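Notes for the one structure printed next.
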Protein chains: 2
Amino acid sequence: MSAALRLADERGLDHVTVEEISEAADVSPRTFFNYFATKDDAIIGEQIADGPSVCDRLLATPVEVPLIPAILAALTPEIEQFQADRDLWLLRMRVIKDNPALLPILVSRGAVAEQESAVAIATRLGLPADDFFPLLAATLTGTAVRAAMMRWADTDGAGDLLELVREAFGVLAGGLQPEHLNPEKQKGNR
Amino acid sequence: MSAALRLADERGLDHVTVEEISEAADVSPRTFFNYFATKDDAIIGEQIADGPSVCDRLLATPVEVPLIPAILAALTPEIEQFQADRDLWLLRMRVIKDNPALLPILVSRGAVAEQESAVAIATRLGLPADDFFPLLAATLTGTAVRAAMMRWADTDGAGDLLELVREAFGVLAGGLQPEHLNPEKQKGNR
DNA sequence: GCGCGAAGTTGCAGTCCCTGCAAACTTTTA
DNA sequence: TAAAAGTTTGCAGGGACTGCAACTTCGCGC
């Protein structure tokens, strides 16, 4: 994975062959494919295998807690994990940004987790499993997290990822009003 | 495109080769690739080449109109176009649902348009082009539209797509409160 | 140390996606 | 009717990916 990321960052993903990656990693190309189904998978990584744990945490949160804070709380440990693997993720996001074909793949990985989250949200709210709202809530919050990560990567990890996610959730909770952005910055302005 | 959709629907995308598609369409495989960069492109289609027009309409809407209604209005003609090509899109969405690998591609097509919309939103609100909010608003609304389309396809196009999009935007505007869903249905309940 | 089975690694053959190039073919224009 | 412009096609080839069978590696009881 590191070999793939490094080479893709240096030369661009399509100018790197699986043969080169495997050579850099000291394995045969065949072995590469024993671990990654596709070349792209070596860049994206196993992914936020958080599906289960996020859902578990979401279900464990008391029902009194409003939806958005509950989701945010359930997500927090994952976010912190991202920050812990800061360099890995910044490199990964840079490569993804330079190879737009990868972004959709990143999204689709989240889609599975979102599907599961949707079910958790439905049970939380006592809605039928096939209601539109839980799905919508899951995909929208997932998008918010992803946007925050992009933003984080765009600023080279200068800001605090968790804070960015909070901002994004704030906008979401506030009904997409610009005023709800950057609450802490606006505090300083008043 | 129809040949590709038909065959993919019948057998599953990975059990159809480009050679078969081109044969069904009475062209050579080489010609296929003159029109579609990838096999997947034949399924997804040229796509919502609405990028420009949606932005234009958004910029043309008076600034007094709140953001969400403005975006909804700018989107409406496209949505209606989807409904007009109902069968095409329902088939397409079914194939996409059966081949999850395609979903990311659909998303990425929208991503370009979203990027442009973000700029339009920024100018509309008088925010700097690199502000977080416009990007967030563009990706969130894009996600809402996509979720509505999925929902529409899931119900086999039974409901009204535009109405579903309105519901999704309502949830978005209402800060992700379940109460904001299905306003017209709730009317009947009161 | 020695067989032995499980697990991991590799090579090979083959399919399919996709590309550049140049030759044919078709249509338009003069 | 001949040249120009636009399309379609075949061909050669690179690279992703898979199934299979052989080969190494490693731990373990003897």
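Each chain gets a letter, A, B and so on, in the order the sequences are listed, and its residues count up from 1. Bear in mind that the values here come from a model prediction, so they are computed numbers and not experimental data.
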**Q.** Interatomic distance, A/Phe32 CZ vs C/dC12 C1' [rounded to whole Å]
**A.** 19 Å

Q | A/Thr31 side-chain N/O to C/dT10 phosphate OP1/OP2 under 4.0 Å | A | yes

Q) Looking at side-chain heavy atoms only, is the closest gap between A/Pro104 and B/Ile105 below 4.5 Å? A) no

Q. Rounded to the Å, how far apart are B/Asn34 CG and C/dC17 P?
A. 16 Å

Q.
In this structure, how many angstroms lie between the P atom of C/dG11 and the CZ atom of A/Phe33, rounded?
A. 14 Å

Q) Where the side chain of B/Thr38 is defined as all heavy atoms beyond and including C-beta, which of C/dC17, C/dC21, C/dC18 is the nearest nucleotide? A) C/dC18

Q.
Expressed as a whole number of angstroms, how long is the span from B/Tyr35:OH to C/dC18:P?
A. 18 Å

Q | Distance in angstrom units between B/Lys39 NZ and C/dC16 C1', rounded | A | 8 Å

Q) Are B/Gln81 and B/Asp85 close enough that some pair of their side-chain heavy atoms sits under 4.5 Å apart? A) yes

Q: Taking the side chain as every heavy atom from C-beta outward, state whether A/Val27 and A/Asn34 have any pair of such atoms under 4.5 Å apart.
A: no

Q.
Counting C-beta onward and ignoring hydrogens, is there a side-chain heavy-atom pair between B/Glu20 and B/Arg11 closer than 4.5 Å?
A. yes

Q | Outermost DNA chain D nucleotides near chain B [under 4.0 Å, heavy atoms] | A | D/dT8 to D/dC11

**Q.** Residues A/Arg166 and A/Asp160 bridged, charged N to O under 4.0 Å
**A.** no

Q) A/His15 has an atom NE2; how far is it from atom C1' of C/dT19, in whole Å? A) 13 Å

(Q) In this structure, how many angstroms lie between the C1' atom of C/dA23 and the CZ atom of B/Arg30, rounded? (A) 13 Å

Q: Count the heavy atoms belonging to other residues, nucleotides or ligands that lie under 6.0 Å from CD of B/Gln83, then report whether that count exceeds 12.
A: yes

Q: Take atom CG of B/Asp40 and atom C1' of C/dC17, then tell me their distance rounded to the nearest Å.
A: 10 Å

